[in-house]
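Treat the numbers as computed from the prediction; the structure is a model and nothing was measured. Residues: numbered from 1 along the sequence shown.
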Amino acid sequence: MPSIDSWLAEAKADPSADSCGMYLVHNGTVRATPKSEVRGSEAPPCGLRPGERVAGMRFSYDADAVDAAVAAARAMPGIGYVRVWLNEGELAVGDDIMLVLIGGDIRPHVVEALQALVCRLKDECVTEVELPA
């Protein structure tokens with residue numbers, strides 16, 4: 001997994017840094033509680049039922065879809081810097097799934113862009129299959 005300290009140093013050395021007043025980071029990890037339980041929903045086709053325990057997950061992504069999602073985030077108002085790393089393969093509870101860094105001019109723009117990008121990555125770009133404990 002990349003170092004967020006290194007990423008922040010690179011972001012602050014980027015030409016966009018002069019217009020960035022805020023950076024936000026999202027670090028998604030594999031949890032032991034199924035998505036259906038924490039979201040209060042029925043188990044998805046690739047998930048476990050509420051009450052079951054997750055031992056890990058099979059994680060993959062569509063690189064072209066990720067590139068499109070990153071480009072869309074970069075085009076949002078006030079956003080100057082976007083970087084994404086996604087893991088791949090069979091992951092255990094506690095392993096890192098993704099790292100997202102967004103820099104922009106003001107807090108509302110950066111928060112909105114981070115939310116939009118992470119949602120798009122999760123909804124359109126990645127495949128997560130929860131593995132039972």
Side-chain angles (χ1 to χ4, degrees):
M1 179 167 136
S3 161
I4 200 60
D5 291 332
S6 295
W7 273 22
L8 282 168
E10 290 171 18
K12 291 175 181 181
D14 188 81
S16 68
D18 288 350
S19 64
C20 291
M22 178 180 190
Y23 294 93
L24 281 180
V25 174
H26 168 80
N27 180 202
T29 60
V30 180
R31 68 178 171 269
T33 309
K35 183 184 286 190
S36 61
E37 186 171 326
V38 297
R39 299 205 190 269
S41 62
E42 294 295 318
C46 57
L48 302 176
R49 293 186 308 276
E52 293 184 287
R53 300 303 289 171
V54 174
M57 85 169 38
R58 211 169 288 113
F59 187 84
S60 61
Y61 61 91
D62 176 330
D64 291 336
V66 171
D67 290 344
V70 168
R74 279 195 180 111
M76 293 180 76
I79 300 306
Y81 194 85
V82 179
R83 188 153 182 196
V84 172
W85 170 84
L86 298 170
N87 208 343
E88 197 165 26
E90 199 160 303
L91 310 175
V93 170
D95 285 349
D96 296 296
I97 297 170
M98 71 173 63
L99 192 60
V100 177
L101 172 64
I102 296 199
D105 57 1
I106 59 173
R107 181 176 19 107
H109 289 156
V110 180
V111 169
E112 182 181 350
L114 180 67
Q115 176 74 9
L117 178 54
V118 171
C119 285
R120 185 165 175 182
L121 291 170
K122 298 283 280 179
D123 294 345
E124 301 175 18
C125 305
V126 306
T127 301
E128 300 172 316
V129 178
E130 295 174 333
L131 305 173

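- Closest approach of Ser16 to Asp14, counting heavy atoms only: OG-OD2, 2.7 Å.
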Practice item. Could you walk me through whether Ile102 and Met22 pass side chain to side chain contact (heavy atoms under 4.5 Å, CB included), step by step? Key: CA-CA 8 Å; Ile102 296 199; Met22 178 180 190; over 6 Å; no

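- Using a cut-off of 4.0 Å between Lys/Arg side-chain N and Asp/Glu carboxylate O, Glu128 and Arg58 are scored as not salt-bridged.
- Ala55 approaches Ala133 most closely through the heavy-atom pair CB-CA, 3.5 Å.
- Criterion: ILVMFWY side-chain heavy atoms under 4.5 Å apart, direct or through other members. Under it, Leu86 and Tyr81 are not part of a common hydrophobic cluster.
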Full working for side chain to side chain contact (heavy atoms under 4.5 Å, CB included) between Asp105 and Ser19 | CA-CA 6 Å; Asp105 57 1; Ser19 64; 5.7 Å; no

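- Between Arg74 and Val82, the shortest heavy-atom contact is NH2-O, 2.8 Å.
- For the pair Glu37 and Gly51, the tightest heavy-atom approach, listed with the atom from each and the gap, is OE1-N, 2.6 Å.
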For this session: Apply side chain to side chain contact (heavy atoms under 4.5 Å, CB included) to the pair Val129 and Phe59, showing each step before the final yes or no.
Result: CA-CA 7 Å; Val129 178; Phe59 187 84; over 6 Å; no

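- No side-chain heavy atom of Val100 sits under 4.5 Å from any side-chain heavy atom of Trp85.
- For the pair Leu99/Val84, no side-chain contact is recorded, criterion being any heavy-atom separation below 4.5 Å from C-beta on.
- Considering CG of Leu121 and CG of Asp62, their distance stands at 11.0 Å, rounded to 0.5 Å.
- Residues Ile79 and Met76 form a side-chain contact, since some pair of their non-hydrogen atoms from C-beta on lies under 4.5 Å apart.
- Here the closest heavy-atom approach between residue Ala72 and residue Arg120 is recorded as CB-NH1, 3.2 Å.
- With contacts defined as side-chain heavy-atom distances shorter than 4.5 Å, the pair Ile97/Thr29 does not qualify.
- Atom CZ of Arg83 is separated from atom CG of Leu117 by 14.0 Å, given to the nearest 0.5 angstrom.
- Summarising the local packing, CD of Gln115 is surrounded by 12 or fewer heavy atoms from other residues, nucleotides or ligands at distances under 6.0 Å.
- Separation of atoms CD (Glu90) and CG (Asp95) is listed at 10.5 Å; rounding is to 0.5 Å.
- Under the 4.5 Å side-chain criterion, counting only non-hydrogen atoms from C-beta, Leu101 is in contact with Tyr23.
- Gly103 and Cys20 make their closest contact through C-SG, 3.6 Å (heavy atoms, listed as atom of the first residue, atom of the second, distance).
- Linking Ile, Leu, Val, Met, Phe, Trp and Tyr whenever their side-chain heavy atoms come within less than 4.5 Å puts Val111 and Val118 in one cluster.
- Residue Glu10 holds its CD atom at 9.0 Å from OG of Ser3, rounded to the nearest 0.5 Å.
- Annotation: the span from Glu130 atom CD to Ser36 atom OG amounts to 6.5 Å, rounded to 0.5 Å.
- Going from atom CG of Leu91 over to atom CG of Asp96 covers 9.0 Å, rounded to the nearest 0.5 Å.
- Cluster membership check: Ile106 does not share its hydrophobic cluster with Leu114, using side-chain heavy-atom separations under 4.5 Å among Ile, Leu, Val, Met, Phe, Trp and Tyr.
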Dump the intermediate steps for side chain to side chain contact (heavy atoms under 4.5 Å, CB included) on Met98 and Asn27, then the final yes or no.
CA-CA 6 Å; Met98 71 173 63; Asn27 180 202; over 6 Å; no

